[in-house]
Amino acid sequence: MKRSRNVAADRRRRKMITVLWAAMLAVGTIILIYKEMTALLYILATVGVTALLVVVAMADLAHAEKLTNDPRSSGDAAAIGSGIASTRGKQSS
């Protein structure tokens with residue numbers, strides 16, 4: 001029989017997995033510091049930062065910005081912030 005899950009249970013499970021990963025990494029780091037393996041810590045830190053930079057570089061941030069449901073143009077921030085009507089792109093008579 002197939003067991004159905006709800007969204008809250010899935011979110012709770014993912015959060016628990018994330019907390020467990022963070023705890024394991026913290027324990028691993030503490031063990032490496034205790035055993036004074038700083039060279040290995042430097043290498044792991046460098047690889048971690050490099051992986052983070054690759055993930056950010058591969059993220060399609062320009063495409064994600066275009067997917068908003070906001071009908072206003074993001075190029076006219078002054079008009080949006082002050083609440084006045086935008087005159088961008090309009091021709092004067």
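Side-chain atoms are counted along with the backbone in the values below, which use heavy atoms only and exclude waters and symmetry mates. All values derive from a computational prediction rather than experimental measurement.
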If you look only at distance, which donor and acceptor atoms sit under 3.5 Å apart when one is on a side chain in residues 44-54 and the other is two or more places apart or in another chain?
| from | atom 1 | to | atom 2 | distance (Å) |
| --- | --- | --- | --- | --- |
| T46 | OG1 | Y42 | O | 2.8 |
| T50 | OG1 | T46 | O | 2.7 |

Spacing of R13 atom CZ and T18 atom OG1 [to the nearest 0.5 Å]:
10.0 Å
Sequence neighbours excluded, the answer for side chain to side chain contact (heavy atoms under 4.5 Å, CB included) partners of A8 is N6, R12
When you group the ILVMFWY residues by side-chain heavy-atom contacts below 4.5 Å and let the links chain together, are I33 and M37 in the same group?
yes
Hey, can you pull the donor-acceptor pairs under 3.5 Å for the side chains in residues 23-32, sequence neighbours left out?
| from | atom 1 | to | atom 2 | distance (Å) |
| --- | --- | --- | --- | --- |
| T29 | OG1 | L25 | O | 2.8 |

